[in-house]
Engineer: 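My structure is below; once you've seen it, I'll send some questions.
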Amino acid sequence: SRHAPAAALLALAAALLVTGSALGQPAGIADKRAEAQRVLAEIREIDSSVARAAEAYNLATIELDRIAREQRANGRLLVVAKSNLGRAQRNLEQRLVAIYTGSPNGESALEVLLGATSLEDLFARLDTVERVSDQDAHVLGQVRTFRSQVQRQRGQLARARKSQSEIVAQRAAHKRD
C-alpha cells in the first residue's frame, strides 16, 4: 500500500530514537548537568564580585586610616602654627605700640640725630636703631610665615576631610550595590 513506506520510515525513526536514547544519557540528566554548570558559573562570578568588593573595601579602609593619620598630624601642626602666629602677632603689636608711644627703641631718625651727644653716641644710636629695625623685620617675617603655615594646614585638613567624605561615599555606594 501507499502508506507502507511512510509507516516503515516512521517505525525506523522511532527505533533509532529509542536506540539513541538507550545508548546515550537520558535528556533530563544532560539538562540537569547543563543547569548545574550554569549555576556553578554564576557562583564563581558572584564569588569573584565579592572578592573585588572586599578588596575595594579594604583599600578604602587603608586610605581612610592614612587620611586619619594625616589629619591628626596636620591638626598638631595647626596648633603649633597658631601658637607661633599668636606669639609673633603679640610681639609685633608690642613693637608697634612702642614705636607709636615713642619709647626709646622707637626713636625716629631725627630724634637719633638730635639726641646724640657725640659722634660715638650717634653711631651707637644708629646701630641700635638698625638692630631694632632688623628685629621688627624679623618679627614681621615670622607673622607672615606663621600665617601662611596656618592657612596651609587648614587647607590640608580641608582637603583631607573632603577626601575622607568621598571615600566614605564610595564605600556606601559599593555597599548598596
Side-chain angles (χ1 to χ4, degrees), residues 25 27-109 111-112 124-177:
Q25 297 176 343
I29 292 176
D31 288 345
K32 293 296 181 186
R33 283 192 177 164
E35 183 179 346
Q37 290 299 322
R38 283 191 303 272
V39 169
L40 279 174
E42 286 180 31
I43 289 172
R44 285 186 192 112
E45 178 59 34
I46 290 170
D47 186 47
S48 175
S49 178
V50 167
R52 284 190 306 271
E55 183 65 20
Y57 182 86
N58 290 339
L59 290 174
T61 300
I62 290 168
E63 181 66 9
L64 285 173
D65 290 344
R66 183 192 63 76
I67 290 170
R69 282 191 308 275
E70 283 182 8
Q71 283 180 320
R72 285 190 298 274
N74 282 335
R76 288 188 298 270
L77 291 173
L78 181 59
V79 168
V80 169
K82 282 181 176 180
S83 173
N84 289 340
L85 176 60
R87 191 176 330 101
Q89 284 177 326
R90 283 188 301 279
N91 289 343
L92 184 61
E93 288 170 4
Q94 289 171 354
R95 184 63 191 123
L96 289 173
V97 167
I99 289 170
Y100 182 74
T101 58
S103 72
N105 291 339
E107 293 179 330
S108 70
E111 290 171 324
V112 169
R125 287 172 169 253
L126 287 174
D127 185 48
T128 301
V129 169
E130 185 177 341
R131 277 188 274 125
V132 168
S133 178
D134 288 346
Q135 286 176 347
D136 292 346
H138 178 72
V139 169
L140 184 58
Q142 284 181 324
V143 167
R144 288 180 180 148
T145 299
F146 295 140
R147 186 177 293 143
S148 69
Q149 285 177 353
V150 167
Q151 290 171 346
R152 186 174 46 254
Q153 294 309 123
R154 282 182 178 156
Q156 286 177 347
L157 281 172
R159 285 188 296 279
R161 285 186 192 112
K162 182 180 178 201
S163 180
Q164 195 174 33
S165 296
E166 289 170 355
I167 290 171
V168 168
Q170 288 172 356
R171 282 174 74 174
H174 285 299
K175 213 177 214 182
R176 285 191 301 267
D177 295 339

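Computation of the quantities below employed the complete heavy-atom set of this structure, encompassing side-chain atoms and omitting hydrogens, waters and symmetry-equivalent molecules.
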Engineer: For the CZ atom of R154 and the CG atom of L77, what is their distance to the nearest 0.5 Å?
Structural biologist: 14.0 Å
Engineer: As an exercise, state the distance from CD1 of I62 to CD1 of I67, rounded to the nearest 0.5 Å.
Structural biologist: 12.5 Å
Engineer: Which residue pairs satisfy the side-chain hydrogen bond (donor to acceptor under 3.5 Å, both in side chains) criterion with at least one member in residues 76-91, sequence neighbours excluded?
Structural biologist: N84-R87
Engineer: Quick one: side chains of residues 161-169, donor-acceptor pairs under 3.5 Å with protein atoms, not counting sequence neighbours, listed by atom name and distance.
Structural biologist:
from: Q164; atom 1: OE1; to: Q71; atom 2: NE2; distance (Å): 3.4
from: S165; atom 1: OG; to: R161; atom 2: O; distance (Å): 3.1

Engineer: Would you give me the side-chain donor-acceptor pairs under 3.5 Å for residues 39-52, sequence neighbours excluded?
Structural biologist:
from: S48; atom 1: OG; to: R52; atom 2: NH1; distance (Å): 2.7

Engineer: Can you list the steps and then say if Q37 with R33 is a side-chain contact (heavy atoms from CB on, under 4.5 Å)?
Structural biologist: CA-CA 6 Å; Q37 290 299 322; R33 283 192 177 164; 5.6 Å; no
Engineer: Considering non-hydrogen atoms only, spot the tightest contact between A88 and F146 and give its length.
Structural biologist: CB-CD1, 3.9 Å
Engineer: Which pair of heavy atoms, one from R147 and one from L85, lies closest together, and at what distance?
Structural biologist: N-CD1, 3.7 Å
Engineer: Who are the side-chain hydrogen bond (donor to acceptor under 3.5 Å, both in side chains) partners of E93, not counting sequence neighbours?
Structural biologist: none
Engineer: List in chain and number order the residues that pass side-chain hydrogen bond (donor to acceptor under 3.5 Å, both in side chains) with Q149, two or more places apart in sequence or in another chain; answer none if no residue qualifies.
Structural biologist: none
Engineer: May I have all residue pairs that pass salt bridge (charged side-chain N to carboxylate O under 4.0 Å, His left out) and include part of residues 59-68, sequence neighbours excluded?
Structural biologist: E63-R66, R66-E70
